[in-house]
2 protein chains.
Amino acid sequence: MNLLWRSKLGTPQGTRGPKQRVSVDEVIRAGIAVADDDGLPAFSMRKVADRLGLKLMSIYTYVPGRSELIGLMVDEVIGEIPHPPHPDGPLRDRLAGVARHQWDELHRHPWLLQVESSRPWIGPHGCDRYEWQLQAIEGYGLTDLEMDQVITMVCDFTAGSARTSILARRTTEESGITDLEWWEANAPVLERVMPPGAYPLAGRVGTVAGQEYNAVGDPARSFRFGLDRLLDGVETLLRRTAT
Amino acid sequence: MNLLWRSKLGTPQGTRGPKQRVSVDEVIRAGIAVADDDGLPAFSMRKVADRLGLKLMSIYTYVPGRSELIGLMVDEVIGEIPHPPHPDGPLRDRLAGVARHQWDELHRHPWLLQVESSRPWIGPHGCDRYEWQLQAIEGYGLTDLEMDQVITMVCDFTAGSARTSILARRTTEESGITDLEWWEANAPVLERVMPPGAYPLAGRVGTVAGQEYNAVGDPARSFRFGLDRLLDGVETLLRRTAT
DNA sequence: ACGATTTTCCGTAAGGCATACGGAGTTAAG
DNA sequence: CTTAACTCCGTATGCCTTACGGAAAATCGT
């Protein structure tokens, strides 16, 4: 907690002993670089140390442990790109901006969705984020509770959609083959194994979708489509509230 | 792949050598039990072996490795509860059934959202699932592409919302304290550290939401709220398509 | 009936991980 | 100039997956 809010707190420590060779912020940035490159499961304290020219155990003089470092990395990343001011105009466009900001962030740092902390880290940038999200939706006639719920909905949908997108991207990157190549390679097996006519709808829709996407799916397009429907739903709520 | 579709394939092997002491299905079920108890990061081949009364390396005579076993566990879990027939009536109710089915499943097996296979396992139950989801939405005037996109949207939102819910549940379970206790314990720190007046909206809305939820959030309620808005959006799409 | 072959079960070892503990050396305070 | 505090890091413990090879069991072919 003190580490998270370190920018707002002085460093009250006595200054005895050798100077630290790097700073907490450098450790955090090194950690982000490792996670960006290798993903969270392969994120290790040793790799962070290597990247800083330190030995493994020295890292523990900067942060208490692995999970705390990850918590710091999350808040750092949230503050990475300044929140743009919300456009004047319909709520729809403002919420779309909030959603896209998160979508881009999750794609820039795919390991964010792999973070499963059992403690809620509330850092300065996380607070800024929530405040900014609420600014987007305030003043359109919704109650405080509804405002919170709409933000939650937009974020949850964005997270779910981004998860699908990131998984798909990782699949093609790591396996080295495209959707289509995989499908063509496995088609004979599937044809032998699937009872003919057992999946009439899946076959028909899958074929149409596959031709349209030129792949098994098009996550960015699915995100835009879903977000449009979601925002239609919010406008319905606005109209209902107005009466 | 052969293991995934083993129910549709015979066992073409010669039968020499000692009998297997357990079956592949028992290994899968043991794996599910371990993952249910401990989560995927703590899921280990040794625990599966222990649960079956075998030694570690014997498991590798049933399945090729850890990730393949997890792929089998996923398809097994998808087939765990038979898909109920869709109710006659508005599309809204049918899609709500699809979403709730997945919501319940994810909460029954929270490790599902921790699975990040780099290969798309297409198993028999996964195919059944997709076919069943499409049955829900067919016949309401949407194109094949729209049908696929609406299903994707509902599933993505449900996954994102369930993720929030499961994380919150795990937090209270593992830390042993409730949202409120945590908040009360950390309030003094936060008050000292947050510039007063820096978060006017977050403070106001957070307080209102906290009082209403009796916690930091109410994920099940957020899910219902978001799903309602989402389905409002689908109905808007239906009306627009009808004209 | 009796090798040959196949298959299962498992011991060992290699190489990865987090982190507890304690020691050596460095710096500033008193 | 002593002493206390602090950084860096070597070592050790106890997890993890999985490659490899050996021993025993069960059936096949003769």
Side-chain angles (χ1 to χ4, degrees), chain A residues 2-3 6 10-27 30-31 34-35 37-73 111 114-119 174, chain B residues 2-3 6 10-27 30-31 34-35 37-73 111 114-119 174:
Chain A
N2 289 340
L3 272 172
R6 67 198 179 286
T11 47
Q13 309 279 20
T15 53
R16 251 184 277 204
K19 295 277 176 288
Q20 297 194 137
R21 298 198 192 154
V22 298
S23 66
V24 175
D25 290 85
E26 283 176 277
V27 172
V34 171
D37 286 353
D38 301 348
L40 213 58
F43 168 88
S44 76
M45 298 300 264
R46 168 155 273 128
K47 287 179 185 166
V48 176
D50 286 349
R51 203 173 274 256
L52 291 168
L54 296 177
K55 293 301 169 60
L56 169 60
M57 288 312 294
S58 305
I59 301 299
Y60 288 89
T61 63
Y62 295 85
V63 293
R66 181 187 141 99
S67 67
E68 287 85 354
L69 174 53
I70 293 174
L72 293 168
M73 286 158 54
W111 49 270
Q114 299 174 317
V115 176
E116 313 213 347
S117 165
S118 71
R119 199 166 309 281
E174 286 181 11
Chain B
N2 288 340
L3 271 173
R6 66 198 181 286
T11 48
Q13 312 278 22
T15 53
R16 250 185 278 207
K19 295 276 177 289
Q20 297 194 139
R21 297 198 192 156
V22 298
S23 66
V24 175
D25 289 85
E26 283 176 277
V27 172
V34 170
D37 287 353
D38 302 347
L40 212 58
F43 168 88
S44 77
M45 299 299 263
R46 168 154 274 129
K47 286 178 185 167
V48 176
D50 285 350
R51 203 173 273 257
L52 292 168
L54 296 177
K55 293 302 170 62
L56 169 60
M57 288 313 293
S58 305
I59 301 300
Y60 288 87
T61 63
Y62 294 85
V63 294
R66 181 185 201 266
S67 68
E68 288 85 354
L69 174 52
I70 293 174
L72 293 167
M73 285 159 53
W111 49 270
Q114 299 174 316
V115 175
E116 313 214 346
S117 166
S118 71
R119 199 166 307 283
E174 286 181 10

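In the text below, chain A, chain B and the rest are named by the order of the sequence lines, each starting its count at 1.
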Would you call B:R6-B:D25 a salt bridge at under 4.0 Å N-O? yes
Both B:G17 and B:V22 contact DNA chain C. Which one's nearest nucleotide lies toward the 5' end? B:G17
Please identify each residue that fulfils side chain to side chain contact (heavy atoms under 4.5 Å, CB included) with A:E68, with sequence neighbours left out. A:P64, A:W121
Taking CD1 from A:I59 and P from D:dC6, how many angstroms apart are they, rounded to a whole number? 19 Å
Could you tell me the separation between the OH atom of A:Y62 and the C1' atom of C:dT19, rounded to a whole number of Å? 18 Å
Rounded to whole angstroms, how far apart are NZ on A:K47 and C1' on C:dC17? 10 Å
Tell me the interatomic distance from A:K55, atom NZ, to D:dT11, atom P, rounded to whole angstroms. 10 Å
Separation of C:dC17 atom P from A:L69 atom CG, nearest Å, is 15 Å
Partners of B:A30 by side chain to side chain contact (heavy atoms under 4.5 Å, CB included), sequence neighbours excluded? B:V48, B:R51, B:L52
Minimal non-hydrogen separation, A:S58 against A:T61, with atom names: O-OG1, 2.6 Å
Sequence-distant partners of A:R46, side chain to side chain contact (heavy atoms under 4.5 Å, CB included), two or more places apart: A:S44, A:D50, A:L56
Return the polar atom pairs (N/O with N/O) between nucleotides 18-24 of chain D and the protein under 3.5 Å, or none.
{"residue": "D:dT18", "atom": "OP2", "partner": "B:Y60", "partner atom": "OH", "Å": "3.3"}
{"residue": "D:dT18", "atom": "OP2", "partner": "B:R66", "partner atom": "N", "Å": "3.1"}

B:S44 near the nucleic acid: base, sugar-phosphate alone, or nothing, with a heavy-atom cut-off under 4.0 Å? sugar-phosphate
Figure out the CD/P separation between B:Q20 and C:dT8, and round it to whole Å. 5 Å
For a quick test of reading the model: is some side-chain N or O of A:S58 closer than 4.0 Å to OP1 or OP2 of D:dT7? no
Test of understanding: with side-chain hydrogen bond (donor to acceptor under 3.5 Å, both in side chains), list the residues that count as partners of B:R21, not counting sequence neighbours. none
In whole Å, what is the span from the CZ atom of A:R21 to the P atom of C:dT26? 10 Å
To the nearest Å, how far apart are A:K19 NZ and D:dA5 P? 16 Å
For B:Q20, enumerate each residue passing the side chain to side chain contact (heavy atoms under 4.5 Å, CB included) test, keeping only those at least two apart in sequence or located in another chain. B:Y62
